[in-house]
Asks: 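Provided herewith is a single structure, encoded as structure tokens, for subsequent inquiry.
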Amino acid sequence: MRWQGGKAPTVLQVVPTLVTGGAERGCIDMALALQAAGGTPLVASEGGPMVRELDRARVPHLALPLASKNPLTIRRNARRLAAIIREHKVDIVHARSRAPAWSAWLACRATGARYMTTFHAPYNFGSGPVGGKLKRLYNSVMARGERVIAISGFIRDHVLGNYPIDPERVRLIHRGIDRGVFAPDRVSPARLVTLAKQWNLPDDRPVILLPGRLTRWKGQTVLIDALAKLGRKDVLALLVGSDQGRTGYREELENRIAAAGLRGAVRMTDHCSDMAAAYLLSTVVVSASREPEAFGRVIVEAQAMGKPVIVSAIGAFQETVIPGETAWVVPPDDPDALAHALDEALSLTPDQREAIGTRAMAFVADRYTKDRMCAETLAVYAELLQPR
């Protein structure tokens, strides 16, 4: 990477926490990529388990209450970030979420540091004339960056369609997955055996995988209803994800499974720490989201593992698959269409399954890798080193 004037930048990324999620994963990946390119990365957040990754790489983590939406706390955080910018001679502040973005924007105005953002979601605008106007103002800080990264074409269109922003400031950079993790030859047989035993998977049944936290918009109910219509008892569907305290929804799912007579065909598991192995153990991977996904990392990971996928025809899913070649694309919230797609996916011959897997892996390797995401983001940092 060639930097303006030969000097690599110091970049401070700000996120609410480092617990889990796409924004957090992107933050860690970019910190390590900047370090490898000779720059100086800093990360500020409230902390979390992912801080260990920064510690191992000796990337400084600065603990601040950045998840707070309290206006007084946001102001205090702005003063603290301004002090950090001056102390560490920060060139660029990269914000990935709204509350810390307000603090970062104020700090950049006070210090002259360059301010940029990544839009990780299509933030809603609330309801009512007053509430909607306030929510739109709150969201607008993400569109105030000198550069604004959109993680998908869907998000880019959302930004351009809802905020008064010069399109020249927007950069489309898809999220990327680590091909060192999500590749079939990187998963040992021992890992497959371990996970199969943990889940008590039968050897003779196709496995339908729906990864995602247990929340209504992820569409677990749509899959359950589709399986009831499919009428096959020789399959096993796994709903992989934590309820994150949504015990009422978990109970609703359990009741729905029982009412459909699917107790032996649908299981709920908690969070899985080895998703690469989980994909390899599956026959088909489903995302039945009822609301638009900003990117849909699960479906890209599954294709990277050579698996056929079924997705809803909304949001970024329409750009992260090849309909009819790597995926079935069905209308959202349509159990009949999903049941039909499942029937076709489960009826593939071994040769058809292999051909789909080959196309899917090549598609992801060409477009959605972590290396490409990091290189394109480093190029944005280089842009901001140019004089205003």
Side-chain angles (χ1 to χ4, degrees), residues 12-24 26-27 44-48 64-82 84-85 92-111 113-172 213 215-218 244-246 249 289-295 314-316:
L12 169 64
Q13 295 185 84
V14 294
V15 289
T17 65
L18 284 170
V19 178
T20 185
E24 294 82 352
C27 176
S45 81
E46 286 195 5
L64 292 175
L66 289 169
S68 175
K69 297 178 182 178
N70 182 302
L72 294 177
T73 304
I74 287 173
R75 284 281 182 180
R76 284 195 293 269
N77 285 336
R79 290 192 292 272
R80 293 165 181 162
L81 289 176
I84 290 168
I85 290 168
I92 301 166
V93 181
H94 184 175
R96 295 179 177 271
S97 186
R98 290 166 293 175
W102 277 107
S103 299
W105 180 70
L106 291 168
C108 287
R109 291 184 70 190
T111 61
R114 311 301 290 266
Y115 171 70
M116 64 174 285
T117 64
T118 293
F119 247 94
H120 284 275
Y123 306 115
N124 65 61
F125 298 116
S127 58
V130 177
K133 190 172 183 179
L134 289 174
K135 194 65 176 290
R136 188 177 290 270
L137 174 62
Y138 179 62
N139 297 346
S140 71
V141 71
M142 299 301 293
R144 299 185 185 200
E146 295 180 61
R147 295 294 183 274
V148 176
I149 294 174
I151 66 169
S152 65
F154 165 67
I155 291 296
R156 177 193 57 196
D157 293 344
H158 168 81
V159 172
L160 294 176
N162 288 283
Y163 300 94
I165 181 173
D166 182 351
E168 293 297 317
R169 286 162 44 207
V170 180
R171 300 289 180 270
L172 171 59
R213 62 189 182 277
T215 183
R216 195 174 303 279
W217 74 271
K218 286 290 188 180
Q244 297 180 328
R246 301 180 188 90
Y249 182 57
S289 297
R290 304 168 72 185
E291 297 177 15
E293 294 269 6
F295 178 72
I314 50 175

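Hydrogens, waters and symmetry mates play no part in the numbers below; they use all other heavy atoms, side chains included. Residue numbers run from 1 in the order of the sequence given.
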Asks: Would you please name every residue forming a side-chain hydrogen bond (donor to acceptor under 3.5 Å, both in side chains) with Tyr123, sequence neighbours left out?
Replies: none
Asks: Looking only at heavy atoms, what is the nearest atom pair of Ala143 and Ile165, with distance?
Replies: O-CD1, 3.6 Å
Asks: Take Trp102 and Ser140, measure what side chain to side chain contact (heavy atoms under 4.5 Å, CB included) needs, and give me the verdict at the end.
Replies: CA-CA 9 Å; Trp102 277 107; Ser140 71; 4.3 Å; yes
Asks: With sequence neighbours excluded, what pairs up with Arg290 under the side-chain hydrogen bond (donor to acceptor under 3.5 Å, both in side chains) test?
Replies: Asp333
Asks: Any chance you could measure Ile74, atom CD1, to Leu81, atom CG, to the nearest 0.5 Å?
Replies: 11.0 Å
Asks: Hey, what do you get for CG (Leu64) to CG (Asn77), rounding to the nearest 0.5 Å?
Replies: 5.5 Å
Asks: Looking only at heavy atoms, what is the nearest atom pair of Ala107 and Ala78, with distance?
Replies: CB-O, 3.5 Å
Asks: Checking Glu146 now: which residues fulfil salt bridge (Lys or Arg N to Asp or Glu O under 4.0 Å) with it, not counting sequence neighbours?
Replies: Arg114, Arg388
Asks: Where do Leu172 and Gly153 come nearest, in terms of heavy atoms and distance?
Replies: CD1-N, 3.4 Å
Asks: List the residues meeting salt bridge (Lys or Arg N to Asp or Glu O under 4.0 Å) with Arg144, not counting sequence neighbours, and say none if there are none.
Replies: none
Asks: Could you state the interatomic distance from CD1 (Ile92) to CE (Met116), rounded to the nearest 0.5 Å?
Replies: 7.0 Å
Asks: Could you go through the side chain to side chain contact (heavy atoms under 4.5 Å, CB included) check for Val19 and Glu24 one step at a time?
Replies: CA-CA 7 Å; Val19 178; Glu24 294 82 352; 5.9 Å; no
Asks: Once side-chain contact (heavy atoms from CB on, under 4.5 Å) is applied, do any residues pair with Pro292, and if so which ones, sequence neighbours excluded?
Replies: Phe154, Ile314
Asks: Could you state the interatomic distance from OG (Ser103) to CZ (Arg80), rounded to the nearest 0.5 Å?
Replies: 9.5 Å
Asks: Show me the pairs that pass salt bridge (Lys or Arg N to Asp or Glu O under 4.0 Å) and involve residues 64-79, at least two apart or across chains.
Replies: none
Asks: Could you work out, with side-chain contact (heavy atoms from CB on, under 4.5 Å) as the rule, every residue matching Ala113, not counting sequence neighbours?
Replies: Ile85, Val93, Cys108, Thr111
Asks: Please step through side chain to side chain contact (heavy atoms under 4.5 Å, CB included) for the pair Asn162 and Arg136, ending with a clear verdict.
Replies: CA-CA 9 Å; Asn162 288 283; Arg136 188 177 290 270; 4.1 Å; yes
Asks: Return yes if some donor-acceptor pair links the side-chain N/O of Glu291 with the main-chain N/O of Trp217 below 3.5 Å, else return no.
Replies: no
Asks: Taking Asn139 for its side chain and Arg98 for its backbone only, find out whether a donor-acceptor pair lies under 3.5 Å.
Replies: no
Asks: Taking salt bridge (Lys or Arg N to Asp or Glu O under 4.0 Å) as the definition, give me every residue that meets it alongside Glu293, ordered by chain and number, with sequence neighbours left out.
Replies: Lys218
Asks: How would you list, by chain and number, every residue that makes a side-chain hydrogen bond (donor to acceptor under 3.5 Å, both in side chains) with Arg213, sequence neighbours excluded?
Replies: none
Asks: Taking only residues two or more places apart in sequence or in another chain, which ones pass side-chain contact (heavy atoms from CB on, under 4.5 Å) with Thr117?
Replies: Ala95, Tyr115, Met142, Val148
Asks: Ignoring hydrogens and geometry beyond distance, is a side-chain donor-acceptor pair present between Ser97 and His120 at under 3.5 Å?
Replies: no
Asks: Okay, side chain of Thr118, backbone of Arg96: is any donor-acceptor separation there less than 3.5 Å?
Replies: no
Asks: Of all heavy-atom pairs between Ile155 and Ala150, which one has the smallest distance, and what is that distance?
Replies: CG2-CB, 3.9 Å
Asks: Going by salt bridge (Lys or Arg N to Asp or Glu O under 4.0 Å), name the residues that satisfy it together with Arg171, two or more places apart in sequence or in a different chain.
Replies: Glu383
Asks: Looking at side-chain heavy atoms only, is the closest gap between Val15 and Pro100 below 4.5 Å?
Replies: no
Asks: For Arg156, which residues count as a side-chain hydrogen bond (donor to acceptor under 3.5 Å, both in side chains) partner, sequence neighbours excluded?
Replies: none
